[in-house]
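A short worksheet on the structure shown next.
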Amino acid sequence: MADVIPFDQRDGSLWFDGKLVPWKEAQIHVLTHGLHYASAVFEGERMYSGRIYKLQEHTERLFESARILGIKIPYTVDEISKACIAACEVQGTADAYVRPVVWRGSEMMAVSAQQTKTHVAIATWSWPSYFDPETKMKGIRLDISDWKRPAPDTAPTAAKAAGLYMICTMSKHAAESKGYTDALMLDYRGYVAEATGANIVFVKDGVLHTPTPDCFLDGITRRSVEGLARIRQIPVVERHIKPDEMADFSECFLAGTAAEVTPVSEIGPYRFTPGDISRALMHDYAAEVRREKSLVTL
Ligand code: PMP
């Protein structure tokens, strides 16, 4: 990791509380409610060839996440979407990751946060639009996490809230220490839920099966992939999936803004062979985000 420039030491500018500021000056105090009590929500977006894919949906989800946590964002959806574009433009990058984050400030430092101001920042970093289908088709290996996605009456599971990622980081670290790339998380009922930062989709007899997002993030990528599958007449079933059903699935892939469509070869004791459907949807998604035509035929 020696060649990665720490994120607080990069050059350029980012959008911070309504204006573009020099990157290294975008600082907050250690006594910030968002840091101590996880009163923070965020988004993860990608700009491809100068266009942020599904920007409106991402900005609307940011506002919905904030609403769920009772945080009022002092801007309009339109202002935040324009700020995302401005944050990319100022960095002069056409292929980027875009990270809007909303958090409660320092006016109160206790569980109650009634008087805190809401802050918003949007930072972007270059993420080359690099697509290597053959490497991806090897598939990644997933551990099965001991941590369970919580029930919707235990945590605000529909929000992309910072606090929900505590068990994701712990799961991912445990998986990495065993040589896996990521971890599959089950939910509080024992059903298959998702990976630590992406949704999961399985294939069986030409049909996609994916868990109903009733206690985890309803991913924008997963919905895009479902739409692309329907265009190819591939049926999609959203339902509860028990872990032992994974023995009967032939293919598996992750779907997420960062992961895009990433084939999976292994989850704990279960094995999958990345195949034609994963390949087609991986190409379709790569083409869709770049507004190109997919050339793969099934
Ligand atoms: N689940 C989790 C926990 C995530 O962090 C993400 C990435 N935002 C997803 C699912 C996929 O969501 P999306 O496709 O909207 O990026």
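The model shown is predicted, which means the values in this text are computed figures rather than measured ones. Whatever order the structure lists ligands and atoms in, that order sets their numbers, starting from 1.
- Ranking protein heavy atoms by distance to atom 16 (O) of ligand 1, first place goes to Thr257 OG1, 2.6 Å.
- Set against the non-hydrogen atoms of Thr196, the atoms of ligand 1 under 4.0 Å away are 3 (C).
- Close approach of ligand 1 to Asn199 (heavy-atom distance below 4.0 Å) involves ligand atoms 10 (C), 11 (C).
- Using cut-offs of 30° and 60° for the angle between ring planes, the Phe249 and Phe202 rings count as parallel.
- Ring-centre distance between Phe131 and Tyr48: not below the 6.0 Å cut-off.
- Contact annotation: the side chain of Leu14 approaches that of Trp23 to within less than 4.5 Å [non-hydrogen atoms, C-beta and beyond].
- Residues Trp103 and Phe42 keep their aromatic ring centres 6.0 Å or farther apart.
- Among protein heavy atoms, the minimum distance from atom 14 (O) of ligand 1 is reached at Thr221 OG1, 2.6 Å.
- The nearest heavy-atom contact from the protein to atom 6 (C) of ligand 1 is Gly197 O, 3.3 Å.
- The nearest protein atom to atom 8 (N) of ligand 1, hydrogens excluded, is given as Lys160 NZ, 2.8 Å; this is a heavy-atom distance.
- If you look at Tyr165 next to ligand 1, the close heavy atoms, those under 4.0 Å, all belong to the side chain.
- The closest protein non-hydrogen atom to atom 12 (O) of ligand 1 is Gly219 CA, 3.4 Å.
- Residue-ligand proximity: Arg61 is placed with a non-hydrogen atom under 4.0 Å from ligand 1.
- Between Ile220 and ligand 1, an N or O atom pair is found at a separation short of 3.5 Å.
- Heavy atoms of Ala198 found under 4.0 angstrom from ligand 1 belong exclusively to the backbone.
- The aromatic rings of Phe16 and His119 stand perpendicular to each other, their planes meeting at an angle above 60°, with 30° marking the opposite boundary.
- Between Arg232 and Asp284 there is a salt bridge, since a side-chain N of the basic residue sits under 4.0 Å from a carboxylate O of the acidic one.
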- Item | Evaluation steps, side-chain contact (heavy atoms from CB on, under 4.5 Å), between Ser39 and Thr116 | CA-CA 10 Å; Ser39 51; Thr116 53; over 6 Å; no

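- Aromatic rings of Trp15 and Tyr75 (six-membered ring for Trp) have centroids within the 6.0 Å cut-off, being under it.
- When only non-hydrogen protein atoms are considered, atom 1 (N) of ligand 1 lies nearest to Glu194 OE1, 2.5 Å.
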